[in-house]
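Below: one structure, written as structure tokens.
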Amino acid sequence: MAPLPPPDAAAWSRIARAVVTTPYPWAPGHVVTGPDDTTLVPERLHPAFHGSLDWHSCVHVQWSLVTLLLRYADALGEEESAAVVGLLGGSG
């Protein structure tokens, strides 16, 4: 039996999308390895996982979006599901 969707799945999805598209504030936790390693721009340092407070949080939020999409796409609705797919770079 499939798990019942949380009643606020679409709201969780909208919040998660907002989090991963918010580049600042940002806590990189980066160790500078030399003079050429000082351009700390989120999308350059962690291209797939920038947005959110740090890259690790962004990974968790993206995983949450994938989980919501795979398990509860019907509860998200077509518009929200399409927004998630678009954000994650999927083809639908």
Side-chain angles (χ1 to χ4, degrees):
M1 185 165 141
L4 291 174
D8 48 2
W12 288 358
S13 181
R14 286 189 299 275
I15 291 167
R17 286 190 304 107
V19 167
V20 297
T21 58
T22 303
Y24 298 99
W26 181 55
H30 180 70
V31 175
V32 177
T33 60
D36 296 330
D37 189 23
T38 57
T39 305
L40 295 178
V41 180
E43 58 273 7
R44 186 174 297 154
L45 192 58
H46 298 289
F49 299 112
H50 66 281
S52 198
L53 181 63
D54 58 11
W55 73 268
H56 188 249
S57 298
C58 192
V59 170
H60 281 283
V61 173
Q62 286 189 29
W63 179 255
S64 296
L65 285 168
V66 169
T67 301
L68 285 168
L69 188 63
L70 292 177
R71 291 187 182 175
Y72 309 116
D74 289 342
L76 296 182
E78 284 185 38
E79 188 175 323
E80 186 59 27
S81 291
V84 171
V85 169
L87 176 67
L88 297 177
S91 60

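- Applying the ring-ring contact (aromatic ring centres under 6.0 Å, His included) test to Trp12 and every residue at least two apart in sequence or in another chain returns nothing.
- Using a distance-only test at 3.5 Å, with no hydrogens or angles considered, a donor-acceptor pair links the side chain of Ser81 to the main chain of Ala73.
- Other residues, nucleotides and ligands contribute over 12 non-hydrogen atoms within 6.0 Å of the CH2 atom of Trp26.
- Judged by distance alone, with hydrogens and angles left aside, the side-chain atoms of Ser64 form a donor-acceptor pair with the main-chain N or O of His60 at under 3.5 Å.
- Cys58 and Val20 make their closest contact through SG-CG1, 3.8 Å (heavy atoms, listed as atom of the first residue, atom of the second, distance).
- In the hydrophobic clustering of ILVMFWY residues, with side-chain heavy atoms under 4.5 Å counting as a link, Trp63 and Leu70 come out apart.
- In this structure, Ile15 is a member of the same hydrophobic cluster as Val84, with clusters built from ILVMFWY side-chain heavy atoms closer than 4.5 Å.
- Not counting sequence neighbours, Thr21 has no partner by the side-chain hydrogen bond (donor to acceptor under 3.5 Å, both in side chains) test.
- Proximity of Val66 to Leu88: side-chain heavy atoms (C-beta onward) are separated by under 4.5 Å at one or more points.
- Remark: side-chain polar atoms of Asp54 are paired, donor with acceptor, to backbone N or O of Ser57 under 3.5 angstrom.
- Atom OG of Ser13 sits about 5.0 Å away from atom CG of Leu76, to the nearest 0.5 Å.
- With hydrophobic clusters built from ILVMFWY side chains whose heavy atoms lie under 4.5 angstrom apart, Leu87 does not share a cluster with Leu53.
- Residue pairs that meet the salt bridge (charged side-chain N to carboxylate O under 4.0 Å, His left out) test with at least one member in residues 73-83, sequence neighbours left out, are Arg17-Glu80.
- Contact check for Thr22 versus Ser52: no side-chain heavy atoms found under the 4.5 Å cut-off.
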